[in-house]
Amino acid sequence: MDNNEAKHRIETLREELNRHNRAYYVDSNPEISDKEFDMMMKELEQLEEEFPEYQDSLSPTRRVGSDLTKGFEHVVHARPMMSLSNSYSIEEVDEWFERISKALGGEKFAVCSELKFDGTSISITYVNGRLTRAVTRGDGTQGDDVTANVKTIRSIPLQLAPGDWPEEFEIRGEILMPWEVFEKLNAERAYNEEPLFANPRNAASGTLKLQDPREVARRHLDARFYYLLADILPSDSHYENMQKAAAWGFKVSKEMEMLHSLEEVNEFINRWDEGRRHLPVATDGLVFKVDSLKQQLNLGYTAKSPRWAIAYKFNPERACTPLRFVSFETGRMGIVTPVANLEPVLLSGTIVKRASLHNDDIIQELGIHSGDWLYVEKGGEIIPKITGVDMDKRQKGAEKIEFVKNCPECGTPLERIFGEAAWCCPNHYGCRPQITGKIEHFCARRMMNIDGIGEETAELLFDRGLVTRIADLYDLTTEKLSGIDRIGEKTITRILTGIAESKKIPFERVVYALSIPNVGETTARRLASAVKSMERLRAMSVEELTAVPDVGPVIAQCIYDYLRDPINIDNIDRLTAAGVTMQLSEEKMKDAGTHLAGKTIVISGTFAHHSRDEYKEIIEREGGKNSGSISKKTSFVLAGENMGPAKREKCESLGIPMITEEEFLDMLKK
C-alpha cells in the first residue's frame, strides 16, 4: 500500500468508526457487530503505526467511544474511564498472559477473572456512605450526569449501612436490563408498533438517557459492579476489594474467581462460553485483570487502555442460510416491515425461519439480492438478526431486493415517515391489516378486555362485514354472530358478555384502546388523568396538549389530527352513545388526598376488593408512594392472600407492620 492509498484508507476508517461510535453510544442503535468494529479499529491502529505521518490526535484510536448526550450535565471524571483491549481467541488471551509475566520479570501474579456484562458503563461516587453522583462513561474524560435516573435502580444502594467503607470512593459497573424485563419491554413496543431494541445493552443505554426518571423506574434496570477506586482502599487485592464492596451492599458478580495459571484461565473461558447462556442478564465476554493493585500500577496504561487487563469477547452463534423470499407486512399503525423468510436453520437451540429486516435502509445497507445466502445471528441469543451476505454464493443475474412502493395489502402508494427510516401505508381506514389490527388491539386484555376476539376472530368479523370500525362491535348480536365458522354458542356468549362489560372499563384504558398514533399505555394514562374527559380532549389545541406531561409536539399533533378525522369523530360519537366510559370516574376526579402522605407502601399478595393496579392508584392518589421492595423505609405492607414467605419474613425481621385489605380500606375511611 503506497502513501496515497494509506491516507485514503485511514480517512475512510476514521469516518466510518466515528459514525459507528455515534450509532453505538449516542443513538443506542449499532449498525455492525462489536467484532466488526474492533477489526476496523485494529486495522486503523496498524495503519497509523505503519504511516506515522498521518497520526491525528482526534483519531478514534485515541479516544474512548462517547455516549455524551444533550440534555444532561457533563461531568469530568476524577479518574479517566478507559476501555479495555479486546480479544476474540484464547490464543490472544494467552499472549496477554505471557506479556504480563514477562513485564513483571517472572514475579508471581494472580488473575481476577470476571464475566463481562453487556450493559452501559457507570461511575458512581459515594461520600460518607451516601450516593452523591452517577456519571456515564461518555468519552472517557467526561460523561453525562444521570444521578436522578440511577437513583431509581433498586439494586443500587442510596445509603450504605455502617461499615468500613472509605469516606469517599468511586465504584464502577454496568447498568443492565435483565433478559426477562427486556423481553417484556420489546413485546410491549412490538404491540405498539414502536422500534424494537436490538439487545438489552441498547435498551439499558436508551433507558438511562430518558429525561423522565419515572419511566426509568418502570423499566426495572439492574446493575453489576466490578471496580473500586479511592485514595485509600481496603486491600491491595482487586478481588478482596470487590468482596468488601459486596459486603457493603453492592451487587458484585458471584462468578468472579481468582486464577493462578494459564491453564486455569483457559478452563474459565471454555466453561463460560456455554455457561453464560443460562444467566439472567446479558454477557458478551470475560474480563481478566492482574489482581494486585501495586502490579497494576507497575504495568501501567497504553493511550486508551490498561495493560494489566484484557477482555475476551464471545463470538455470537452464527449461521448462513439461503433467503427464500422477502415479504412485506403491514401493521396496525400502517408501518410496512420487510421480513426475510429463510430456509430453516438451527441457531442457539431454536429453529430460525424468519428475521426482520426492519426497514428500507437496512436492506440497502446489506445489499440483499434474490436467493442470497444470509448470515444470521441471534441478537443476545434471542432475536434473529441478519448481519451480512455471503457474496461468494450469490447467483449470477440475481436481482437486488427493492422495497415495495405500494402497500402489499391494499395497493396504496406508501409514504416515508418524516425523519424516520419507515414507510407507511396512509390508507389507515381502508387497509385490512390496519383495521383488523385496531379491532384486535381494542379488544385486548389491557385495553377493553373483550374476551373471545383475538387476531383470527377480528379478521373473521371484518371479512363478514360485521366489524369494519371498532364502534361496530357494540352493534353485534347473537343473530349476527350465529352461523359464522369457528364461532360457536359459548364463544358468542363470551364475546357479547365481554362487550357489555367493556362499557365499565375506565377512561384511561379507553384512550389507549383507540390506537391513537404514538399514544402508548403510559401516555394514555397520563393524558386521561390530565384532561379528565373525552369532551375536553377533543377541544384542546396542539399547544394545550403539549403542556400535558410526557406529551411532546409530535405526539400532540398526532392526537390533534386523530380527533379531527371524520371517521374517528364518528367512531368516538358511536362509542359514547353505546355507553363506553368517556371520562374519569368521580373518585379519580377528586382532588388528591393526603391520608397516606409521606408513607412508603409495599403491595404483596392477591386481593378481593381491588386489583393490585387499583391499589397502586389509590395509594398515589392519597399522597403515598408505592415501592416494590421492603426496607427500613417501608411504612407498612398491604398484605393480601398468598403473600410470599420471604417478604413476610423480611417484615418480621425489620419490624415492618403488615395490614390486611380490610384494615387498609378502614384506614382510608377514617
Side-chain angles (χ1 to χ4, degrees), residues 23 27-31 182-183 185-199 202-203 206 321 323-344 347 352-370 372 374-380 382-389 400-441 444 454-456 458-459 515-520 558:
D27 301 332
S28 297
N29 187 29
E31 299 170 359
F182 171 71
E183 291 169 25
L185 177 62
N186 256 356
E188 181 182 312
R189 292 174 73 85
Y191 193 87
N192 291 323
E193 295 195 17
E194 297 171 343
L196 300 186
F197 287 113
N199 51 49
N202 292 2
T321 188
L323 171 68
R324 294 176 58 232
F325 61 93
V326 173
S327 58
F328 294 87
E329 302 173 5
T330 307
R332 171 173 61 97
M333 304 306 288
I335 304 297
V336 176
T337 302
V339 177
N341 293 264
L342 311 164
E343 285 296 328
L347 200 59
V352 174
K353 298 179 181 178
R354 288 161 52 90
S356 174
L357 291 166
H358 301 293
N359 54 55
D360 188 23
D361 289 0
I362 299 295
I363 291 178
Q364 300 309 318
E365 184 178 325
L366 290 169
I368 299 175
H369 286 56
S370 297
D372 272 350
L374 304 181
Y375 288 108
V376 191
E377 292 180 6
K378 276 286 197 75
I382 289 185
I383 302 172
K385 178 183 178 183
I386 306 298
T387 59
V389 178
K400 188 176 181 180
I401 299 294
E402 298 289 349
F403 205 91
V404 292
K405 304 294 186 210
N406 299 80
C407 174
E409 295 288 341
C410 67
T412 303
L414 299 181
E415 296 177 355
R416 186 81 178 244
I417 297 178
F418 179 75
E420 297 183 22
W423 287 88
C424 180
C425 171
N427 185 20
H428 299 304
Y429 307 106
C431 181
R432 185 177 188 271
Q434 294 191 60
I435 297 170
T436 59
K438 290 181 176 71
I439 296 168
E440 182 191 357
H441 174 83
E455 179 182 1
E456 185 178 339
E459 291 174 351
S515 289
I516 301 173
N518 291 311
V519 175
C558 287

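Side-chain atoms are counted along with the backbone in the values below, which use heavy atoms only and exclude waters and symmetry mates.
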(Q) For the CG atom of L357 and the CD1 atom of I401, what is their distance to the nearest 0.5 Å? (A) 9.0 Å
**Q.** Interatomic spacing from SG in C424 to CD1 in I335 - rounded to 0.5 Å
**A.** 4.5 Å
Q. Say you draw a straight line from CD1 of I386 to NE2 of H358; how long is it, rounded to the nearest 0.5 Å?
A. 9.0 Å
Q) Tell me, do F403 and V336 make a side-chain contact under 4.5 Å, heavy atoms counted? A) yes
Q.
Using side-chain heavy atoms (C-beta onward) and a distance below 4.5 Å, is L374 in contact with V389?
A. yes
Q) Could you give all pairs that pass the salt bridge (Lys or Arg N to Asp or Glu O under 4.0 Å) test and reach residues 406-417, with sequence neighbours left out? A) D361-R416
Q.
With rounding to the nearest 0.5 angstrom, report the CZ to OG1 distance, R432 to T330.
A. 11.5 Å
(Q) If you define the side chain from C-beta out and look only at heavy atoms, does anything of V519 sit under 4.5 Å from C558? (A) no
Q) Yes or no on side chain to side chain contact (heavy atoms under 4.5 Å, CB included) for E459 and E440, after CA distance, side-chain angles and deciding distance? A) CA-CA 9 Å; E459 291 174 351; E440 182 191 357; over 6 Å; no
Q | Spacing of CZ belonging to F328 relative to CD1 belonging to I363, to within rounding of 0.5 Å | A | 4.5 Å
**Q.** Check: C407 main-chain N/O paired with T412 side-chain donor or acceptor under 3.5 Å
**A.** no
Q: Supply the atom-to-atom distance E402 CD to D360 CG, rounded to the nearest 0.5 angstrom.
A: 7.5 Å
Q. Between V376 and T387, is any pair of side-chain heavy atoms under 4.5 Å apart?
A. no
**Q.** Those residues that, when tested against Y375, pass side chain to side chain donor-acceptor pair (under 3.5 Å) (two or more places apart)
**A.** none
Q: Look only at the side chain of K353 and the backbone of N341, and say whether a donor-acceptor pair between them is shorter than 3.5 Å.
A: no
Q.
Before you tell me yes or no, could you show the steps for R332 and Q434 under side chain to side chain contact (heavy atoms under 4.5 Å, CB included), namely the whole-Å CA-CA distance, both residues' side-chain angles and the distance that decides it to 0.1 Å?
A. CA-CA 4 Å; R332 171 173 61 97; Q434 294 191 60; over 6 Å; no
Q: Please name the pair of heavy atoms, one in P413 and one in P426, separated by the smallest distance, quoted to 0.1 Å.
A: O-CD, 3.4 Å
**Q.** Pairing residues for E329 by the salt bridge (Lys or Arg N to Asp or Glu O under 4.0 Å) criterion, not counting sequence neighbours
**A.** R354
Q: Compare all side-chain heavy atoms of L323 with those of L342 and state whether any distance is below 4.5 angstrom.
A: yes
